[in-house]
Amino acid sequence: MNDLSLPSSPGIRQGDASLNPKSQPEPASVISVRGLQLRYGDLVALRDVNLEIPSSQVTAVVGPSGCGKSSFLSCLNRLTDLIPSCRAEGRIRFDDVPDLLHPKVDLLELRRRVGMVFQKPNPFPLSIRRNFELPLREHGVPKDEIPGRMESTLREVGLWKEVADRLNSGAQLLSGGQQQRLCIARALALKPDVILFDEPCSALDPMSSGIVEEHIAALKDRVTVVIVTHNLAQAHRIADRLAVFWVRDGAGTLIEDGPARRVFESPRDPDAALYLRGAKG
Amino acid sequence: MPDPSRHRRTRTADRLLGALCWASALAVVAVFLWLLWDLLSQGLSHLSWSFLTGTVEDAGRGGGIAPVILSTLLILLVCLAVAVPLGVGCATWLSEYQRPDGALAGAITKAVDLLASVPSIVFGLFGMVFFCQVLDLGFSITAGGLTLACMILPIIIRTTLTGLHSAPNELRLGAAALGMTRHSALRHLLIPAAVPGIVVGVTLGISRAMAETAALIFTSGYATRMPSSLSDSGRAMSVHIYDLAMNVPGGAANAAASAAILLAVLTAINFTASKLSDRWHAKAVVTR
Ligand SMILES: Nc1ncnc2c1ncn2[C@@H]1O[C@H](COP(=O)(O)OP(=O)(O)OP(=O)(O)O)[C@@H](O)[C@H]1O
Ligand SMILES: [Mg+2]
C-alpha cells in the first residue's frame, strides 16, 4: 500500500484506473484519508486518522464504543454536514474527487457514489416501489429504467422472490432483516462505488444477521465495502482489511490497519492486540 | 415492616382519589350535557330547513341564517387560505432550515408563543387598524379572515412543528445518505409525516376561528345581508349568536338554534378531520 500513500492528482488516478483492470493483485485505493480530524463543538472525536481504503475489498472498522467509528464513516459521505456543530478537517481523496471535504463538492452526487446503510433499517414509510422511485428519480434515472434496476438489485440481496408480489405494500411491513436488505438494495440501485455499513447486523436476529452478512460479503465484486462492526467474528469472516480505532488522549484515532489476516494474527499495537483477542474494550 | 393500619390508610387514600377523579369526569360530562340540553330545548323548535336557507329578518328574531352561514364560511376560507400555507411554511423553516439553538429561530418561536396568548380582542383591534384602515380593506370578509389568520397562525405553526419533530430523524439522514435534496425529503417524507399534526392544527384553528366574536366585530362587521364578494361586510355565526343574545330582545331562541348549528358543524369538522388523517396515514403507508 505504500506506493499509494501519497494523494495522487485526479488526472493520474483516472488514467490509472483505466489502464489497470480489476485483475490487479494490489487494488488501487478508492478512498485515501490523510490527517483527518473531526470535532463536535469542542469535543475532538477523531484525531489524525490516515487510512487507505482499497477498491473492491471489504474494509472492516472495529474498536470500542465511542472511539469514533460512526463519525469516521459519516465523514466519507459528508453526512457530518447535517450536524451543525460538526467540523471535519484534513484531506480525503475519493476516486477523482481530490478533496471530498471541500465545501464546493457536489454532495448529492457524492452521496450517490458513496452509499450508506445504517444500524437500524430505515426504509421510507412508503411502498417498496416508492423506496426505489424516490431516490432514483431524484438522480435523474428515467422512469422506464426504474423497475429493472429495482428488480436486479432486489435479486442481488436475495429479496426479489420474497417481495415480487408485494411491491406496492408498505416497506415497513417487512421483517427487520428484509428491511435491511431492502436498504442495501436501495443503496445499490444508485450504482455507487462505495457502500458504508454502520453495524448493519446489530439490530437483527442471528438468522437475519447471517443472511445480511452473506450478501454484504458478496457485494465486493461490484462495490467497495466499508463496514463498522462490533462483531469480531463477523469481521474475521468477511473483512479483507481491518482498521482498529481506539481512544487516545481523549480522542478517537486509528491505531492499526492492514490486511485483515495480518492484523488479526499479529497486531503490532498492544491495545489492538488485546482488543482483537477479546480481552479489552 | 408491615403495618396494617398504614395499609388501610393508603387504601382509603386510593379510594378517595379514585372517587375524586370519577367525580370530576362526571362533572365535565354533566356540564356538556346541560349545555346541549339548554341549546336544544330552546333552539330545536326553531330549527328547520327554512331557518338554514332563509335571510335574516327582524334583526334575527325571524327568518333564517343563510347569509350568516355563507359569511362564516367565506371568512373561514380566507383565514385558512392564508394561515395554513404561512403556518406550515414557517414551521418547516423553523424545524428544517434553522438550528434549534439558533438566535433567530429562538426569537421567532418565542414570538409565536407570545402571539398564541394574545387575547382575541387585541387581534380585533389590530385587525381593525391594520387591515381595515391601513390596508384600506374596510369592514370586510377579507379583513375578518386575515385577522383570524393572524390569530390561528400560532396554533398551526405549533402543531406543524410538533408533527415535523415527531418525524424520525432517520428519515432525514436516510434521505440525505441517498443523495436526495432537502426539498424533496421535505416534500415526499417529512411533510407527509407531519400531516396528522397539520390536520390537528387546522381543526383546532377552525374551531377557534368559528368560535371567535371579539376579533370579528371590528373587522368583518355585522351586516346581515347576503355577501356578494369578499370585500363585503359579513356577519359570522358567533357574532350573530352574540348579537341575538345580548342586543336583541326576543332573540334567545334563534341564538340557541344558531348555536346548535355551530356546535353540529364543529363536531362534524372534528370528526371528518380525524377520519381524514387516519385515511391519509393508511394510504401513505400502503399505496404511495
Ligand atoms: N452528534 C454528536 N454530537 C456531539 N458529539 C457526538 C455526536 N455524535 C457522536 N459524538 C461523540 O463523538 C464520539 C464518537 O462517537 P461515534 O458515534 O462516532 O462512536 P462509535 O465508535 O460509532 O461508537 P459506537 O460503537 O457506540 O457506535 C463520542 O464521544 C460521541 O459522544
Ligand atoms: Mg457507532
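Bear in mind that the values here come from a model prediction, so they are computed numbers and not experimental data. All chains are named by letter (A, B, ...) in the order of the sequence lines, taking the proteins before the strands, and each is independently numbered beginning at 1.
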Query raised in the report: Does the distance from a Lys or Arg side-chain N to an Asp or Glu carboxylate O, for A:Glu133 and A:Lys143, drop under 4.0 Å?
Result: no
Query raised in the report: Is B:Asp113 salt-bridged to B:Lys110, going by a charged N under 4.0 Å from an acidic O?
Result: no
Query raised in the report: What do the steps show when you test A:Lys69 against A:Glu199 for salt bridge (Lys or Arg N to Asp or Glu O under 4.0 Å), and what is the final call?
Result: CA-CA 10 Å; A:Lys69 306 180 294 295; A:Glu199 303 181 39; 5.2 Å; no
Query - Distance-only donor-acceptor check, side chains B:Asn270 and B:Thr267, under 3.5 Å - result: no
Report summary line: Contact list (residues 170-186 of chain B to chain A, heavy-atom gap under 4.5 Å, by number) returns B:Glu170, B:Leu171, B:Arg172, B:Leu173, B:Gly174, B:Ala175, B:Ala176, B:Ala177, B:Leu178, B:Gly179, B:Met180, B:Thr181, B:Ser184
Query raised in the report: Parallel, tilted or perpendicular: which describes the rings of B:Phe131 and B:Phe126, with under 30° parallel and over 60° perpendicular?
Result: perpendicular
Requested in this report: May I ask you to say whether A:Arg113 pairs ionically with A:Asp96, meaning some side-chain N is under 4.0 Å from a carboxylate O?
Outcome: yes
Requested in this report: Could you tell me which portion of A:Arg78 (side chain, backbone, both or neither) has an atom closer than 4.5 angstrom to a non-hydrogen atom of chain B?
Outcome: neither
